[in-house]
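Have a look at the structure below before the remarks.
Numbered from 1 within each chain, the chains take letters A, B, ... in sequence-line order.
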Protein chains: 2
Amino acid sequence: MSERDATTYPTDPIDLETRLTQDHHQSLKLWLRMLSTTVMIENEIRNRLRSEFDTTLPRFDLMAQLERHPDGLRMGELSKRMMVTGGNITGITDQLEQEGLVMRVTDKQDRRAYSVKLTPAGRKAFKTMASVHEAWIAELFSGLDAEQKSQMISLLSSVKSDLSAGNKQNEKE
Amino acid sequence: MSERDATTYPTDPIDLETRLTQDHHQSLKLWLRMLSTTVMIENEIRNRLRSEFDTTLPRFDLMAQLERHPDGLRMGELSKRMMVTGGNITGITDQLEQEGLVMRVTDKQDRRAYSVKLTPAGRKAFKTMASVHEAWIAELFSGLDAEQKSQMISLLSSVKSDLSAGNKQNEKE
DNA sequence: TATTGTTATACTCTATAACTATA
DNA sequence: TATAGTTATAGAGTATAACAATA
């Protein structure tokens, strides 16, 4: 070690291990913070949806999906988009249909299938909820300015694309 | 409108409204991305914990809390930290105690209360799980480099501090 | 009286698997 | 046979409220 100068070897095994451990801790810290932040916001939104509109997050989500697809979505598509299995979609759709907020329209090409659509009443009810909901979200994220928000959106995209690549679950769109 | 040049008035109400709407949409986009990313990771971790260690996220969390507090935590403290109500803590603690992973130590000052601690077996089991868990997390976040991770950690802190300020729920620490 | 923790209960959300009816 | 959706069921995970023991 006599002639060695201050420069560390690039492949020094101890450094590599140290860096790996640091990375692991940093990832864990990031995950714990992300999880707890998300849970706090989710609980807040869930409570507000219940007390203000007597609805739940999955019901709101399903209506949001239909709002984005005015031609309607089939049960199977809703299942994929909401990341839950088919049986659950049937249950939520049943509720919303009974309340007159969505309707099942039989597909003429395939008589096994339905298109689920918002009814006019459902669209109206959703619009009201959605604008209040959007204001809540803006309020809860008011700690970030526009620049920081777009930073975070792109960082999250990197995480997510990595995830779906690993899982090979991104079949379409 | 004849004499008006290309410069918009700084206080133009339309611009203000436009900016507000844009901010709302951006916040909503951020939230939807954050939520779906978190759900995907959470599901992945939940499945792996079940198949590799036959345990659940709340059980893992409770043990993680105790690992960080070797002197033990009271039921009420666990409840606050895990953001769930007391009855649930009793249930999870019962399970883990039966399996010999945690123990209830009666408090000598206050005989209503317990300190819950990891048993030696529990500590050993947790260490094994925790290191594998940490590697999973590092893997799932490998789409970000160290710089991006610390950026995201600080962005999340801003969101979270804003949240707890609004809710006045940050009583200690 | 107030607090610590437990019990009992119910509800939401979820997955799985067997099923019906079409394709 | 395969697919779209339904039904039935079970199991997490959660909150609420009444309760016992102790402060």
Side-chain angles (χ1 to χ4, degrees), chain A residues 35-36 38-40 42-51 53-63 72-98 102-117 169 171, chain B residues 35-36 38-40 42-51 53-62 72-98 102-117 171:
Chain A
L35 182 58
S36 64
T38 302
V39 168
M40 284 174 74
E42 219 181 331
N43 287 343
E44 189 63 28
I45 295 296
R46 204 191 303 279
N47 288 336
R48 293 189 189 185
L49 280 177
R50 194 183 45 207
S51 63
F53 298 113
D54 193 31
T55 194
T56 65
L57 220 33
R59 285 168 50 115
F60 181 81
D61 268 6
L62 193 148
M63 292 178 78
L73 286 172
R74 307 234 297 218
M75 303 300 275
E77 296 207 58
L78 281 167
S79 164
K80 264 191 239 164
R81 284 171 202 278
M82 296 179 63
M83 300 196 273
V84 297
T85 49
N88 305 303
I89 300 297
T90 299
I92 300 172
T93 303
D94 285 350
Q95 285 177 27
L96 294 173
E97 193 176 31
Q98 263 193 317
V102 309
M103 53 186 175
R104 286 174 163 95
V105 181
T106 49
D107 189 316
K108 271 158 193 162
Q109 265 86 62
D110 183 344
R111 280 184 308 174
R112 293 169 306 178
Y114 301 111
S115 260
V116 187
K117 294 184 183 184
Q169 276 180 350
E171 286 135 33
Chain B
L35 182 57
S36 64
T38 303
V39 168
M40 284 175 73
E42 220 181 329
N43 287 343
E44 188 64 28
I45 294 296
R46 205 189 299 280
N47 288 337
R48 293 190 190 184
L49 280 176
R50 193 182 46 209
S51 63
F53 298 115
D54 193 30
T55 195
T56 65
L57 219 35
R59 287 168 51 115
F60 181 80
D61 268 5
L62 194 148
L73 286 172
R74 308 235 295 220
M75 303 298 277
E77 296 208 58
L78 281 168
S79 165
K80 262 190 243 165
R81 284 170 203 280
M82 295 179 62
M83 300 195 272
V84 296
T85 50
N88 305 302
I89 300 297
T90 299
I92 301 171
T93 304
D94 286 350
Q95 287 178 24
L96 294 172
E97 192 176 31
Q98 264 193 317
V102 308
M103 53 186 175
R104 284 173 164 95
V105 181
T106 50
D107 189 316
K108 271 156 193 166
Q109 265 86 60
D110 183 343
R111 281 183 309 177
R112 293 171 305 181
Y114 302 110
S115 260
V116 187
K117 294 184 183 184
E171 287 133 33

Practice problem: Please check the phosphate of C:dG5 (OP1 and OP2 only) for any side-chain N or O of B:Ser79 closer than 4.0 Å. | Solution: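 No, because none of the side-chain N or O atoms of B:Ser79 sits under 4.0 Å from OP1 or OP2 of C:dG5.
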Exercise. Answer with base, sugar-phosphate or nothing: what part of the nucleic acid does A:Thr85 contact at a heavy-atom distance below 4.0 Å?
Key: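 Base contact.
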Identify the heavy atoms of [X] and [Y] that sit nearest to each other, and give their distance.
X	Y	result
A:Ile92	A:Pro58	CD1-CB, 3.7 Å
B:Val102	B:Thr93	CG2-O, 4.0 Å
B:Thr90	B:Arg104	O-NH2, 3.7 Å

Practice problem: Please confirm whether the backbone N or O of B:Tyr114 pairs with a side-chain atom of B:Thr106, one donor and one acceptor, at under 3.5 Å? | Solution: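 No.
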Quiz item: Thinking salt bridges, do A:Asp54 and A:Arg59 make one under a 4.0 Å N-O criterion?
Solution: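 A salt bridge is absent here (no side-chain N lies under 4.0 Å from a carboxylate O).
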Can you tell me how far [atom2] of [N] sits from [atom1] of [X], to the nearest Å?
X	N	atom1	atom2	value
B:Glu42	C:dC13	CD	P	15 Å
B:Leu78	C:dT4	CG	C1'	13 Å
B:Leu57	C:dT14	CG	C1'	15 Å
A:Asp61	C:dC13	CG	P	10 Å
A:Asn43	C:dC13	CG	P	12 Å

Quiz item: With nearest nucleotides of DNA chain D determined for A:Arg50 and A:Met75 from heavy-atom distances, which residue corresponds to the more 5′ nucleotide?
Solution: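 It is A:Met75 whose nearest nucleotide is closer to the 5' end.
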Are [X] and [Y] packed together at the side-chain level, in the sense that at least one heavy-atom pair is separated by less than 4.5 angstrom?
X	Y	value
A:Leu49	A:Thr56	no
B:Glu42	A:Thr38	no
A:Thr55	A:Met63	no
B:Val116	B:Met75	yes

Exercise. Carefully, step by step, assess A:Asn88 and A:Met82 under the rule side chain to side chain contact (heavy atoms under 4.5 Å, CB included).
Key: CA-CA 10 Å; A:Asn88 305 303; A:Met82 296 179 63; over 6 Å; no
Quiz item: Does A:Arg59 or A:Gly86 map to a spot on DNA chain C nearer the 5' end, using the closest nucleotide for each?
Solution: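 Closer to the 5' end of DNA chain C: A:Arg59.
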Quiz item: On DNA chain C, nearest-nucleotide positions of A:Asn88 versus B:Gly76: which is more 5'?
Solution: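 That would be B:Gly76.
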Self-check item: Range on DNA chain D touched by chain B, heavy atoms, distance below 4.0 Å
Solution: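 Listing 5' to 3', DNA chain D meets chain B from D:dG13 to D:dA23.
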Practice problem: Could you check which residues of residues 89-98 of chain B get a heavy atom under 4.0 Å from DNA chain D? Sort them by number, please. | Solution: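 Contacts with DNA chain D under 4.0 Å: none.
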Self-check item: Those residues of residues 106-116 of chain B lying under 4.0 Å from DNA chain C by at least one heavy atom
Solution: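 Nucleic-acid contacts, sorted: B:Arg112, B:Ala113, B:Tyr114.
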Quiz item: Atom CZ of A:Arg81 and atom OG of B:Ser36: how far apart are they, to the nearest 0.5 Å?
Solution: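 Rounded to the nearest 0.5 Å, the CZ-OG separation comes out at 13.0 Å.
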